[in-house]
Amino acid sequence: MSFDRSLKIAPSILSADFANFGMECAAIEAQGADWVHVDVMDGHFVPNITFGPATCAAIRPHIKGVMDVHLMIAPVDPYIDAFAQAGADVITAHVEAGPHIHRTLQAIRAAGAKAGVALNPGTPASAVEYLLDMVDLVCVMTVNPGFGGQKFIHSQVDKVRALRAMIGDRPIHIEIDGGVDPTTAPLVAAAGADVLVAGSAVFRGGSVINPAPYGANIRAIRDACAG
Ligand code: DX5
Ligand code: ZN
């Protein structure tokens, strides 16, 4: 997994057909997805439950590129090895998930994955200031985590700009998660984000037997950022 700041679209399978994850992952990659974003929720850190490491391991063979695992769980540390062994390329933990995010990020890298740190909308950019030399990705939540299809929180665009300045030349991705569509994507891309997670805006209108809308939706987001 080499580093570059080109725009990457990462569809979230939270909006996929849960009975067909393998085919959905293959379909979005065939339709132009750059990364596959996998939302793990525990019903404790966030008010919703999705799935765990066994599901990640099951879908891994159906993903050719980057499997980007977003952990919305607390605690995180007891599960890091299981997600790394499931084949996660990136494992992202929330700064709000516990008192020892620094230790968590060390453990993610020690397990052989790229380390990501996520910030809820109420958490300032400065929360990652002393973590920048130990992360590969900062995820800015532009909704409150837990559900797909929520409205983009515009105040977060300034946070992206602040993070972009803090990061400087460090090889750290800025990922945006929540409410990304062709209207909001250009705002965060211009502010310095390079990985755009999108669930509902990618999966709407398509299915595994009719995947062409996935491609059109991905292109619409990409084109909006280019134009
Ligand atoms: C929210 C998840 C997101 C979500 C995004 O808790 O982390 O990845 O799936 O969904 P949309 O793009 O529909 O806002
Ligand atoms: Zn996510």
Side-chain angles (χ1 to χ4, degrees), residues 1-16 20-41 50-51 53 55-72 83-84 86-94 108-109 111-119 135-143 145 148 160 163 167 171-182 184-185 188-189 192-204 206 208 211 214-226:
M1 206 186 140
S2 61
F3 180 85
D4 70 68
R5 279 188 218 286
S6 63
L7 190 75
K8 290 164 279 292
I9 310 295
S12 163
I13 61 166
L14 186 62
S15 294
N20 275 308
F21 275 147
M23 285 165 73
E24 291 276 43
C25 290
I28 53 177
E29 283 194 328
Q31 293 293 324
D34 298 293
W35 291 10
V36 176
H37 185 82
V38 179
D39 284 310
V40 175
M41 304 185 186
T50 54
F51 46 76
T55 303
C56 292
I59 65 178
R60 175 71 264 189
H62 302 272
I63 299 172
K64 294 199 187 95
V66 171
M67 183 160 93
D68 174 33
V69 175
H70 178 194
L71 299 182
M72 286 161 276
F83 285 105
D89 296 289
V90 183
I91 298 177
T92 296
H94 273 258
I108 292 172
R109 280 192 169 172
K114 299 282 185 192
V117 62
L119 299 175
V135 296
D136 304 287
L137 176 148
V138 178
C139 174
V140 177
M141 293 304 303
T142 40
V143 298
V160 176
L163 283 166
I167 285 169
I172 301 176
H173 298 290
I174 297 182
E175 177 176 74
I176 306 301
D177 192 0
V180 170
D181 64 20
T184 56
V188 285
D194 64 302
V195 183
L196 306 185
V197 175
S200 44
V202 166
F203 283 92
R204 73 169 56 109
V208 289
Y214 299 165
N217 293 339
I218 290 169
R219 272 192 303 281
I221 295 169
R222 229 190 271 286
D223 292 352
C225 296

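Using modelled atom types, one side-chain atom of Asp136 and one backbone atom of Ala115 make a donor-acceptor pair closer than 3.5 Å. Here the side chain of Asp68 pairs no donor or acceptor atom with the backbone of Ala10 at under 3.5 angstrom. Between the side chain of Ser200 and the backbone N or O of Gly148 there is no donor-acceptor pair closer than 3.5 Å. Remark: the backbone N or O of Arg5 is not paired with any side-chain donor or acceptor of Asp194 at under 3.5 angstrom. Of the possible polar contacts, one joining the Thr142 side chain to the Gly178 backbone as a donor-acceptor pair under 3.5 Å is found. Under a 3.5 Å cut-off, the side chain of Glu29 and the backbone N or O of Lys64 do form a donor-acceptor pair. In this structure, Asp181 contributes its side chain and Thr184 its backbone to a donor-acceptor pair below 3.5 Å.
Here Phe83 contributes atom CZ and Leu71 contributes atom CG; the two are 5.0 Å apart, rounded to the nearest 0.5 Å. With values rounded to the nearest 0.5 angstrom, Glu175 atom CD is found 4.5 Å from Cys139 atom SG. If you take CD1 on Ile167 and CD1 on Ile174, they are separated by 4.0 Å, rounding to the nearest 0.5 Å. Note: Ile218 CD1 to Phe203 CZ = 8.0 Å, rounded to the nearest 0.5 Å. With values rounded to the nearest 0.5 angstrom, Leu14 atom CG is found 7.5 Å from Phe51 atom CZ.
Taking the side chain as every heavy atom from C-beta outward, Val69 and Val90 never approach each other to under 4.5 Å. Side-chain contact between Ile176 and Val195 is absent, with no heavy atoms from C-beta onward closer than 4.5 Å. Inter-residue side-chain proximity for Val40 and Met72 is flagged as unmet; no heavy-atom pair is nearer than 4.5 Å. Using a 4.5 Å heavy-atom threshold, the side chains of Val66 and Val36 count as separate.
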Test side-chain contact (heavy atoms from CB on, under 4.5 Å) applied to Cys56 and Val38, step by step: CA-CA 8 Å; Cys56 292; Val38 179; 3.8 Å; yes
May I have the step-by-step check of side-chain contact (heavy atoms from CB on, under 4.5 Å) for Met67 and Ile59, ending in yes or no? CA-CA 9 Å; Met67 183 160 93; Ile59 65 178; 4.2 Å; yes
Where do His173 and Val138 land on the side-chain contact (heavy atoms from CB on, under 4.5 Å) test, with the steps shown first? CA-CA 6 Å; His173 298 290; Val138 178; over 6 Å; no
Are Ile221 and Leu196 close enough, and set up right, to give a side-chain contact (heavy atoms from CB on, under 4.5 Å), and what steps lead you there? CA-CA 9 Å; Ile221 295 169; Leu196 306 185; 4.1 Å; yes
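Of all heavy-atom pairs spanning Val180 and Ala185, the tightest one is CG1-CB, 4.0 Å. Of all heavy-atom pairs spanning Val202 and Tyr214, the tightest one is O-CD2, 3.5 Å. In terms of heavy atoms, Ala198 sits closest to Ala201 at CB-CB, 4.5 Å. The two residues Ala113 and Ala88 have their closest heavy-atom pair at CB-O, 3.9 Å. Across all non-hydrogen atoms, the minimal contact from Ala27 to Pro211 is CB-CB, 4.1 Å. In terms of heavy-atom proximity, Ala93 sits nearest to Ile108 at CB-CD1, 4.3 Å.
Ile9 pairs in a side chain to side chain contact (heavy atoms under 4.5 Å, CB included) with only one of the listed residues (Gln31, Arg222, Arg219), which is Arg222.
Here Lys114 does not pair with Asp89 in a salt bridge; the nearest charged N to carboxylate O distance is not below 4.0 Å.
A donor-acceptor contact under 3.5 angstrom links the side chains of Asp39 and Ser12, judged on distance only. Counting only N and O atoms by type, the side chains of His37 and Asp177 include a donor and acceptor under 3.5 Å apart.
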